[in-house]
Every structure is written in C-alpha cells, then in structure tokens.
Chemist: 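Take a look at the following structure, please.
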Amino acid sequence: MKKTSRRSLGRQLTPAKAAVPVASLAMNTGAEGPTAQQNLPAIRNNFYHQDTPPPIEIIDGSLIVESDEQFNESNPSRFLYQGIARPKIAHIRVIQDNGDKIYEDLNADSSVIQIVWINEDKNATGNVIITDGNVFQIDSDKTLKHSPVKKRRSHRYDHQGGGGKRIRIESIEITNPRGGTTKFIATKTGTGDNFISDEFRLLIWRE
C-alpha cells in the first residue's frame, strides 16, 4: 500500500519537479553585468550549505520541526517562533519520502514557505508560514510543543493541531525571492491504515 501511494505521489508531483531547474535558471539568467558579479559570492556561499547538515528540518508524520536553536515564543493572535542567531534563509531543499529531491533553491533569501496540514479524518486543517528578515520566524496556527532531544538539532517542536488525530503535510508552497511559486500537493488518502504519514521532508539552511 505504501509503495503504491509513493508512486502516486511521484506522478502527482511531476509538473512541480520541472520547477527545480527553473528556480536555478531564474537565479542565474535574471542577472547580468555587475548584478551577476555581485550575486556570485552569495551563490557560492550557498553551495557550501549542501555539505553541512541543515539547522532546520521539518518532518512529515505529525508536522515536526527540528532546530539546532531554541526559538523565542510568543502568541499574539497566532503562535510565533523566532530565531535571531541566523535570521536569513540561505538554502531550501524538499525531499520526497522515498529520498528523491523534488525542489532546491541555493539562493533562497527572502523566500516564503507555507505548509498546509490536514488531519487523518480530513475534517481539520491549518497552516504554518515560514519567513525571514530581521528574524527567522515560524508563524503557526497552533502551538508547537517544545521538547529537548539528544541529537544535533537538539530542539523539537511538535504541531498540536490534530485534536487527538494524526496529521500530515497536505501541501508545501514556496515563493522564492524572484517571485516564482512552486507548490507540492500530497496524494489524497483515506483514514486508518491508509493514512499516509510520511510524504515530505523540508530542509532549511540559515545564515
């Protein structure tokens, strides 16, 4: 059942895969002359991120955020989790649960990432929005329960939006700094044993 669902997801994401080289082209072909030279150091620096573990990893299954930094938490109308040590998004990668890389942007400063979740009964949904700027910020519709873990990313934040039900990521939409938008939508599944809990992994390098 799980292998079949992964193949279905791969077929559904085929149009989105084409956006991976397009993101790279937008980064390079949009710059000419002095602008291209100015962008080269940043692009080179971001390539180095490929050889280091990402400080942020978002795991499907119950929408878990793992971070090497503990966030400052506040809840005005939604729940905000902010990191000030490295406020900029440098590099984004999305991996399908079978290990395939389906998106990558090596020059991702000022990107906006919106994650939509859904519970296993499909009667509750919400979103988490990730931005950068003066701070790196995760804006969540529900609280993210913090717990320390003994690993490199020593802070774990579990989304509490399921109301006692399992949740999974339904879609990830990324708007890059060049204005392009790429959206990945998970396969629709049933409940119980047919509920797919592992679809995407989102890796974020910060600087």
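Because only heavy atoms are used, hydrogens play no part in the values below, and waters and symmetry mates are left out as well, while side chains stay in. When a residue number appears, it is its place in the shown sequence, counting from 1. The structure displayed is predicted, hence computed values, not measured ones.
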Chemist: Supply the atom-to-atom distance Ile115 CD1 to Asp60 CG, rounded to the nearest 0.5 angstrom.
Modeler: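 If we round to the nearest 0.5 Å, Ile115:CD1 and Asp60:CG are 9.0 Å apart.
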
Chemist: Tyr103 vs Phe184 aromatic rings, parallel, tilted or perpendicular, using cut-offs 30° and 60°?
Modeler: perpendicular

Chemist: If we check side chain to side chain contact (heavy atoms under 4.5 Å, CB included) with Ile113, which of these qualifies: Ile58, Thr175, Ile129, Leu202?
Modeler: Leu202

Chemist: So does Asn134 have more than 12 non-hydrogen atoms from other groups sitting under 6.0 Å from CG?
Modeler: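 It does not: Asn134 CG has 12 such atoms or fewer within range.
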
Chemist: Apply side chain to side chain donor-acceptor pair (under 3.5 Å) to Arg78 and list each qualifying residue two or more places apart in sequence or on a separate chain.
Modeler: Asn127, Asp139

Chemist: Stepwise, does the side chain to side chain contact (heavy atoms under 4.5 Å, CB included) test hold for Ile204 with Phe136?
Modeler: CA-CA 11 Å; Ile204 302 173; Phe136 173 84; 4.2 Å; yes

Chemist: Over all heavy atoms of both residues, which pair between Ser111 and Pro177 is shortest? Give the atoms and the distance, please.
Modeler: OG-CD, 3.3 Å

Chemist: Arg86 and salt bridge (charged side-chain N to carboxylate O under 4.0 Å, His left out): which single residue from Asp132, Asp109, Asp68 fits?
Modeler: Asp68

Chemist: Are side-chain heavy atoms of Gln114 and Ser171 found at a separation under 4.5 Å?
Modeler: no

Chemist: Calculate, to the nearest 0.5 Å, the distance between atoms CZ and NZ belonging to Arg93 and Lys101 respectively.
Modeler: 5.0 Å

Chemist: On a heavy-atom basis, which atom in Asp158 and which in Gln160 lie closest, and how many Å separate them?
Modeler: O-NE2, 2.9 Å

Chemist: Hydrophobic cluster membership, with links at side-chain heavy-atom distances under 4.5 Å among I/L/V/M/F/W/Y: are Val112 and Val116 in one?
Modeler: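 Each belongs to a different hydrophobic cluster.
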
Chemist: Which pair of non-hydrogen atoms, one from Phe200 and one from Ile185, has the smallest distance, and what is that distance?
Modeler: CZ-C, 4.3 Å

Chemist: Working to the nearest 0.5 Å, report the span between CD of Glu104 and NE2 of His91.
Modeler: 3.5 Å

Chemist: How long is the straight-line distance from CD1 of Ile56 back to NE2 of His155, given to the nearest 0.5 Å?
Modeler: 10.0 Å

Chemist: Given 3.5 Å as the limit, does a donor-acceptor pair link the side chain of Asp100 with the main chain of Ile102, or not?
Modeler: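 No.
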
Chemist: For the pair Tyr81 and Glu73, evaluate side chain to side chain contact (heavy atoms under 4.5 Å, CB included) and give the outcome as yes or no after the intermediate values.
Modeler: CA-CA 5 Å; Tyr81 300 83; Glu73 302 178 23; 3.4 Å; yes

Chemist: Measure across Arg206 and Pro55 and return the closest heavy-atom pair with its distance rounded to 0.1 Å.
Modeler: N-CG, 3.7 Å

Chemist: Once side chain to side chain contact (heavy atoms under 4.5 Å, CB included) is applied, do any residues pair with Ala124, and if so which ones, sequence neighbours excluded?
Modeler: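 Trp117, Asn119.
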
Chemist: What do the steps show when you test Arg178 against Asp105 for side chain to side chain contact (heavy atoms under 4.5 Å, CB included), and what is the final call?
Modeler: CA-CA 11 Å; Arg178 299 160 295 279; Asp105 190 346; 2.6 Å; yes

Chemist: Quick check: closest heavy atoms across Ile84 and Glu69, and the distance to 0.1 Å?
Modeler: N-OE2, 3.3 Å

Chemist: Please test Thr143 against Tyr157 for side chain to side chain donor-acceptor pair (under 3.5 Å), starting from the C-alpha separation and ending with a verdict.
Modeler: CA-CA 9 Å; Thr143 184; Tyr157 293 84; over 6 Å; no

Chemist: Distance from Glu207 atom CD to Lys88 atom NZ, nearest 0.5 Å?
Modeler: 9.0 Å

Chemist: Do you know the tightest heavy-atom contact between Ala186 and Arg168?
Modeler: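 That would be CB-NH1, 3.3 Å.
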
Chemist: Hey, what do you get for OG (Ser67) to CD (Glu57), rounding to the nearest 0.5 Å?
Modeler: 11.5 Å

Chemist: Applying side chain to side chain contact (heavy atoms under 4.5 Å, CB included) to Val128 and His159, what does each step give before you reach the verdict?
Modeler: CA-CA 9 Å; Val128 172; His159 192 282; 3.8 Å; yes

